[in-house]
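Take a look at the structure set out below.
Order of the sequence lines sets the chain letters (A, B, ...), proteins ahead of strands, with each chain counted from 1.
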2 protein chains.
Amino acid sequence: MSPRVSKEHLKQRRADIMKAATQVFIEQGYEHTTMKHVMEAANVSRGGLYQYFSNKEDLFEAILEEGLSEEAEDTGFSLEEAASPQWTLLMKLMFGEDGRPDTNMDPLAPSKLEFFITGRHDERRRTYGEKRYEMGVNIYDEVIKAGQETGEFSDRYDSGLLARSIITFVDGLALDHAIQPEEKVRLKEQSELFVEYLKMALDVSSSS
Amino acid sequence: MSPRVSKEHLKQRRADIMKAATQVFIEQGYEHTTMKHVMEAANVSRGGLYQYFSNKEDLFEAILEEGLSEEAEDTGFSLEEAASPQWTLLMKLMFGEDGRPDTNMDPLAPSKLEFFITGRHDERRRTYGEKRYEMGVNIYDEVIKAGQETGEFSDRYDSGLLARSIITFVDGLALDHAIQPEEKVRLKEQSELFVEYLKMALDVSSSS
DNA sequence: CCCTAAAAAGACACCAGTGTCGTTTTGGTA
DNA sequence: TACCAAAACGACACTGGTGTCTTTTTAGGG
């Protein structure tokens with residue numbers, strides 16, 4: 001009736017496994033990592049690992065969810081700065097806290113792409129992917145819509161369409177960067193150009 | 001010393017297998033198709049199949065190469081119409097013969113993405129992917145450069161960077177479309193918007 | 001019409017990865 | 001200190017896919 005170890009300990013172990021697994025996924029990609037790889041990286045036995053995650057998909061989804069909630073925290077934080085212009089918010093959403101293009105990309109991004117592309121024929125995975133896509137669109141959509149309502153942005157273009165364009169661009173960049181070395185893709189320059197584009201589409205004259 | 005069947009027959013058989021395989025790859029994706037699937041679709045035995053292709057990777061690359069040379073033919077054809085403005089050429093390159101956005105995508109595109117993403121840690125595959133990326137960049141680069149030289153396009157932006165942006169956009173669209181249903185991605189509208197973007201970047205006032 | 005070399009067939013051995021299950025260890029509790 | 005439920009372990013059986021190898025078939029040349 002009494003648990004043999006504390007809830008804390010379980011949480012911790014689970015977190016440790018996920019951390020180790022994340023590293024493996026980053027290094028090997030989703031398809032090529034095996035539970036054995038994870039076992040070794042996390043210093044846990046087969047049985048031990050399966051106690052926490054029933055398979056690779058389950059494990060990866062846990063990592064995805066974790067990333068999502070972390071992101072949500074950051075975003076929530078950003079959104080509270082209602083004082084700042086929507087443009088600043090938009091830039092922070094796209095490029096992180098410093099709000100301008102750089103060459104950093106989510107190291108797990110390639111594996112995420114793998115996960116959703118190779119799983120596109122699986123009902124569960126597909127639905128999940130669509131849900132995430134929609135969430136992404138919504139976040140950008142809301143910021144753009146807000147800007148358009150205050151008159152900070154032009155409403156010449158549909159906010160949903162612009163939101164989708166941002167996602168497309170980000171996905172395309174992640175994809176190319178997953179395969180090509182950075183200097184061939186020119187991440188930063190491309191991002192800057194895309195920002196130019198957004199400025200045009202939203203009629204933002206903006207400084208810097 | 002004399003071959004048992006004609007060269008033609010061999011070519012034909014090989015072509016048949018590739019055609020059947022293409023269909024399987026479209027339906028199942030790269031990672032999930034097995035040689036067995038192909039055997040069944042092509043009505044050929046295990047031994048027979050391996051006579052023509054030494055493994056799945058070999059088979060898929062053959063299909064890729066074939067697609068590339070077909071494309072090259074089309075492109076070559078387009079480029080000969082030197083009379084037409086570079087803008088028209090650019091649109092044809094992006095959207096095919098009719099030169100304007102539609103909802104058609106290469107049905108093999110998702111498998112191609114899979115192939116290169118999951119193979120990104122394999123030396124051979126990576127190199128091959130880079131080569132193809134470069135070819136893609138070059139095609140667009142040349143058209144844009146030509147247009148800039150004749151003064152048809154503004155040379156405000158680097159042609160290589162614009163070429164890369166086009167690839168990024170196309171890749172992003174292919175990726176999203178591989179995972180999302182068409183109506184969520186809004187392929188056509190996004191493409192039209194992107195064309196606006198290009199017009200801005202190249203200073204093309206153009207009719208349509 | 002037979003002969004033969006190449007093409008097609010499919011049985012086979014092998015491997016890598018999976019998830020389960022019986023056993024052992026562990027640490028809080030009484 | 002002894003107990004015991006849960007946690008951790010790792011051997012195991014199973015599966016699905018691969019590439020090879022031997023055998024059978026086939027079609028063109030003599």
Side-chain angles (χ1 to χ4, degrees), chain A residues 1-21 23-25 27-63 111 114-115 118-119 121-122 124-125, chain B residues 1-21 23-25 27-63 111 114-115 118-119 121-122 124-125:
Chain A
M1 189 157 280
S2 51
R4 290 302 106 184
V5 300
S6 70
K7 270 267 159 64
E8 291 320 305
H9 182 268
L10 287 218
K11 277 263 173 209
Q12 187 54 45
R13 195 98 160 76
R14 194 182 146 94
D16 287 347
I17 292 175
M18 282 170 65
K19 193 173 172 192
Q23 208 47 43
V24 178
F25 282 128
E27 276 158 25
Q28 315 261 356
Y30 179 75
E31 287 293 327
H32 291 149
T33 87
T34 70
M35 290 303 251
K36 190 142 166 277
H37 290 147
V38 176
M39 282 159 48
E40 279 156 15
N43 259 67
V44 67
S45 71
R46 185 159 209 84
L49 176 55
Y50 274 86
Q51 192 109 22
Y52 291 91
F53 303 97
S54 55
N55 51 46
K56 189 170 70 166
E57 186 170 8
D58 184 35
L59 171 56
F60 193 75
E61 278 182 28
I63 292 172
S111 294
E114 258 184 79
F115 180 76
T118 61
H121 293 122
D122 176 75
R124 242 184 67 70
R125 209 121 122 201
Chain B
M1 190 158 277
S2 52
R4 289 302 108 181
V5 300
S6 71
K7 271 266 158 65
E8 291 321 304
H9 182 269
L10 287 218
K11 278 265 173 204
Q12 188 52 46
R13 196 98 162 78
R14 194 181 146 96
D16 287 348
I17 292 175
M18 282 170 66
K19 193 173 172 193
Q23 209 46 44
V24 178
F25 281 128
E27 277 158 25
Q28 316 260 356
Y30 179 75
E31 287 293 326
H32 290 149
T33 88
T34 70
M35 289 304 249
K36 190 139 166 280
H37 290 146
V38 176
M39 281 159 47
E40 280 155 14
N43 260 66
V44 68
S45 70
R46 186 159 210 83
L49 176 54
Y50 274 86
Q51 193 109 19
Y52 291 91
F53 303 97
S54 55
N55 51 46
K56 188 169 70 166
E57 186 171 9
D58 185 32
L59 171 56
F60 193 75
E61 279 182 27
I63 293 173
S111 294
E114 260 184 76
F115 180 76
T118 62
H121 293 122
D122 176 75
R124 243 183 67 70
R125 210 122 122 199

So which protein nitrogen or oxygen atoms get under 3.5 Å of nucleotides 14-21 of chain D's nitrogens or oxygens?
from	atom 1	to	atom 2	distance (Å)
D:dT18	OP2	B:Met35	N	3.4
D:dG19	OP2	B:Tyr50	OH	2.7
D:dG19	N7	B:Arg46	NE	2.8
D:dG19	N7	B:Arg46	NH2	3.1
D:dG19	O6	B:Arg46	NE	2.8

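Comparing D:dG10, C:dA8, D:dA7 by their closest approach to the side chain of B:His9 singles out C:dA8.
Rounded to a whole Å, the CD atom of A:Glu31 is 13 Å from the C1' atom of C:dG17. Counting to the nearest Å, the P atom of C:dT18 and the CG atom of A:Asp58 are 13 Å from each other. If you take CD of A:Glu8 and P of C:dG28, they are 13 Å apart, rounded to a whole angstrom. The CD-C1' distance, from B:Gln12 to C:dA7, rounds to 16 Å in whole Å. Spacing between atom CD of A:Glu57 and atom P of C:dT18 amounts to 12 Å, rounded to whole angstrom units. Rounded to an integer number of Å, the gap from B:Gln51 CD to D:dT22 P is 15 Å. Rounded to an integer number of Å, the gap from B:Arg14 CZ to C:dA7 C1' is 15 Å. The distance between atom CG of A:Leu49 and atom P of C:dT20, rounded to the nearest whole Å, is 12 Å.
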(request) Check the pair A:Glu57, A:Glu61 against side chain to side chain contact (heavy atoms under 4.5 Å, CB included), reporting the backbone distance first and the verdict last. (result) CA-CA 6 Å; A:Glu57 186 170 8; A:Glu61 278 182 28; 3.6 Å; yes
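Counting any heavy atom pair closer than 4.0 Å across all strands shown, A:Tyr52 reaches sugar-phosphate atoms only and no base atom.
For the pair B:Glu114/A:Glu114, no side-chain contact is recorded, criterion being any heavy-atom separation below 4.5 Å from C-beta on. Taking 4.5 Å as the limit, some side-chain heavy atom of B:Phe53 sits within range of a side-chain heavy atom of B:Met18.
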Let me check something: any side-chain donor-acceptor pairs from residues 36-46 of chain A under 3.5 Å, sequence neighbours excluded? List them with distances.
from	atom 1	to	atom 2	distance (Å)
A:His37	ND1	A:Thr34	N	3.0
A:Ser45	OG	A:Gly48	N	3.0

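Note: A:Tyr30 and A:Phe25 have parallel aromatic rings, judged against thresholds of 30 and 60 degrees for the angle between ring planes.
Distance check, rounded to the nearest 0.5 Å: CG of B:Leu49 to CG of B:Leu59 gives 6.5 Å.
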